[in-house]
Amino acid sequence: MWIYEKKLQYPVKVSKCDPRLAKYLIEQYGGADGELAAALRYLNQRYTIPDKVIGLLTDIGTEEFAHLEMIATMVYKLTKDATPEQLREAGLGEHYADHSYALYYHNAAGHPFTITYIQAKGDPIADLYEDIAAEEKARATYQWLIDLTDDVDLQDSLRFLREREVIHSQRFREAVEILKDHEGEKKVF
Amino acid sequence: MDKQWRFYRPYRSPFDPCVPKRVKAYIVPPNQFMPFQPPGLRTFSPHEALRRGTLWPDLYSRYNPPHREEIDP
Amino acid sequence: MTHHPMPKEYYRLLYELQAVDFVLVELTLYLDTHPDDTQALHEFHQYQRRKQGLTQQFEQAFGPLHEFGNSPVGARWTWAESPWPWQV
């Protein structure tokens with residue numbers, strides 16, 4: 001069961017009307033290392049991971065949906081009042097032809113989201129290493145998005161999301177350490 | 001200069017078509033040096049934590065890529 | 001359907017709540033891998049109490065934050081009213 005909360009995890013403020021940025025930001029909506037892929041990856045792996053780390057996968061997977069909503073908010077705000085002409089100039093003509101103002105799960109190059117972006121091997125170590133890699137790749141994507149953005153308010157939200165990837169990576173690496181321990185052994189600090 | 005950045009000088013050919021970037025940079029976030037977070041680390045205040053995206057200063061990574069002049073004067 | 005801009009107080013309270021909720025998210029992930037850290041658990045309890053107070057204040061002023069009976073609702077059904085988080 002999931003319960004929706006009627007608020008964003010972090011404020012999203014967009015100060016400049018620049019629909020071109022929406023075209024880039026959509027990478028983190030429906031791209032290979034985006035928030036949708038992350039949420040689906042963790043919430044699927046949790047069924048076959050040792051019980052000690054199910055909670056972590058559940059909680060990080062849930063947080064990823066909050067991040068997906070933040071990205072959606074950015075795209076929504078950047079495009080909602082643009083004319084078709086402006087969207088065309090921003091390189092979103094192809095998007096408009098198929099989806100009008102609707103958001104769609106595809107990457108910055110327009111490739112539709114595919115579940116082949118994510119893996120589930122059923123081997124706890126292999127799965128957690130995929131998760132760590134996914135977090136570092138998402139962190140890198142946020143860096144490139146910050147580089148492409150000159151809206152300081154938008155950059156602020158992207159920096160928040162980037163730092164979350166750093167923390168998630170930290171927790172996944174701790175999960176690996178927990179699984180490396182022998183049964184019953186306490187983690188000593 | 002932010003301590004999280006690393007630098008390297010890629011090989012340059014006399015036939016490179018663009019103005020060469022002699023020094024390239026990449027970032028190594030602090031989580032790479034913390035195998036398992038020790039208990040009792042300092043924390044940010046709630047407002048500061050939200051603004052920075054983490055509760056722990058030791059895990060905070062600022063992303064401000066260095067300008068070309070800074071790393072290759 | 002409300003179409004006038006939200007008052008300053010909405011943004012202020014929302015931000016206070018976001019800050020406290022964020023600490024709880026961070027402590028949750030931390031406790032998932034450090035379940036024996038009693039100091040962190042103690043802090044979790046403290047922030048949970050702050051969250052309760054702020055949530056109550058926010059919901060009294062601006063309506064329910066959670067669906068499916070997880071927030072108090074008044075005499076009028078306001079859950080499905082605008083604005084939604086991506087609109088404000």
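The shown structure was predicted, so the numbers you read here are calculated from the model rather than taken from an experiment.
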Side chains of A:Q143 and A:R162: do they bring a donor and an acceptor to under 3.5 Å?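 Their side chains do contain a donor-acceptor pair, which is all the 3.5 Å distance test asks for.
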Indicate whether the side chain of A:D147 and that of B:Y63 have a donor and an acceptor atom separated by less than 3.5 Å.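 Short answer, yes.
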Looking only at heavy atoms, which of residues 149-160 of chain A get nearer than 4.5 Å to chain B?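 At a heavy-atom separation under 4.5 Å, chain B is reached by A:R159, A:F160.
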Using non-hydrogen atoms and a limit below 4.5 Å, what part of residues 4-34 of chain A faces chain B?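 A:Q9, A:Y10, listed by number.
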Using side-chain heavy atoms (C-beta onward) and a distance below 4.5 Å, is [X] in contact with [Y]?
X	Y	result
A:R139	B:P29	yes
B:S61	A:E163	yes
B:Q32	A:E136	yes

Identify whether NZ of Lys or CZ of Arg in A:R171 sits under 6.0 Å from the centre of the six-membered ring of B:W56 and within 45° of that ring's axis.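 Yes; both conditions hold, so A:R171 lies above the ring face of B:W56.
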Aromatic B:Y60 / basic B:R52 pairing, under 6.0 angstrom, 45° off normal: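 Judged by the rule (NZ or CZ under 6.0 Å from the ring centre, within 45° of its axis), B:R52 counts as positioned above B:Y60.
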Flag, side chain of B:D2 to backbone of B:Q4, donor-acceptor distance under 3.5 Å: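 Checked: pair present.
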If you apply the rule ring pair (Phe, Tyr, Trp, His ring centres under 6.0 Å), what do you find for A:F65 with A:Y42, and how did you get there? CA-CA 11 Å; A:F65 277 121; A:Y42 309 146; over 10 Å; no
